[in-house]
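Heavy atoms only: backbone and side chains are in, while hydrogens, waters and symmetry mates are out.
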Amino acid sequence: MSNEKVLSKEELEKLIAQVYVALCEKGYDPSSQIAGYILSEDPVYMPDWNNARSAIQQVDRDELLHLLIDFYIDNKLKKHDQIDNL
């Protein structure tokens, strides 16, 4: 997408939080909606509410996916020594 820009980790985290809040306010399941968007790049997964749709379209989906996976690994697996239990 031509309007994608490279964001710092902090900017990307802020954007995800903004999108999360907008999805919750509209009564959507944020996990399902964000996953649907990442898989399809279909902007209808994001509401126009609070600019969530335009905000998420500014980010490369691969970058978004990497951040989410890194967060899970760092906070669920490494932090809780779950890797040794696999």
Side-chain angles (χ1 to χ4, degrees):
M1 194 170 273
S2 62
N3 60 344
E4 292 173 353
K5 57 185 175 182
V6 176
L7 300 176
S8 69
K9 183 178 178 182
E10 292 78 21
E11 290 171 320
L12 188 53
E13 288 171 351
K14 185 176 178 180
L15 183 139
I16 292 170
Q18 173 190 347
V19 168
Y20 174 82
V21 168
L23 289 165
C24 289
E25 288 176 347
K26 295 306 282 181
Y28 295 113
D29 175 7
S31 296
S32 294
Q33 297 303 114
I34 293 170
Y37 175 73
I38 290 172
L39 291 172
S40 70
E41 198 173 10
D42 188 346
V44 299
Y45 280 96
M46 296 295 128
D48 283 330
W49 182 255
N50 287 342
N51 291 327
R53 185 176 294 166
S54 62
I56 199 108
Q57 288 179 298
Q58 295 178 28
V59 180
D60 178 70
R61 290 180 306 152
D62 288 341
E63 184 181 354
L64 179 59
L65 186 57
H66 284 173
L67 178 73
L68 295 170
I69 291 170
D70 287 345
F71 181 84
Y72 179 83
I73 290 170
D74 291 344
N75 290 282
K76 179 66 176 175
L77 299 177
K78 288 182 183 177
K79 193 173 189 177
H80 300 288
D81 295 322
Q82 294 295 315
I83 295 173
D84 295 332
N85 297 326
L86 294 178

Determine whether a donor-acceptor pair (N or O, by modelled atom type, separation under 3.5 Å) exists between the side chain of Asn50 and the backbone of Ala52.
no

Flag the pair Met46 / Ile34 as yes when at least one side-chain heavy-atom distance between them is below 4.5 Å, and no otherwise.
yes

CD on Gln33 to CD1 on Ile38, rounded to 0.5 Å
12.0 Å

Taking the side chain as every heavy atom from C-beta outward, state whether Ile16 and Val59 have any atom pair closer than 4.5 Å.
no

Would you give the length of the straight line joining atom CG of Leu64 to atom CD of Gln58, rounded to the nearest 0.5 angstrom?
12.5 Å

Tyr20 and Leu67: same hydrophobic cluster, using ILVMFWY side-chain contacts below 4.5 Å?
no

Just so I know, are the side chains of Tyr37 and Gln57 near enough to count as touching, which here means a heavy-atom distance under 4.5 Å?
yes

Between CG on residue Leu65 and CG on residue Asp70, distance to nearest 0.5 Å
9.5 Å

Write down the atom of Pro47, the atom of Tyr28, and the distance for their closest heavy-atom approach.
CB-CE1, 4.2 Å

Counterpart residues, side-chain contact (heavy atoms from CB on, under 4.5 Å), relative to Tyr72 (two or more places apart):
Lys76, Leu77

What's the separation between atom CG in Leu12 and atom NZ in Lys14, rounded to the nearest 0.5 Å?
12.5 Å

Could you state the interatomic distance from CD1 (Ile56) to CZ (Arg61), rounded to the nearest 0.5 Å?
11.0 Å

Sequence-distant partners of Ala55, side-chain contact (heavy atoms from CB on, under 4.5 Å), two or more places apart
Leu15, Gln18

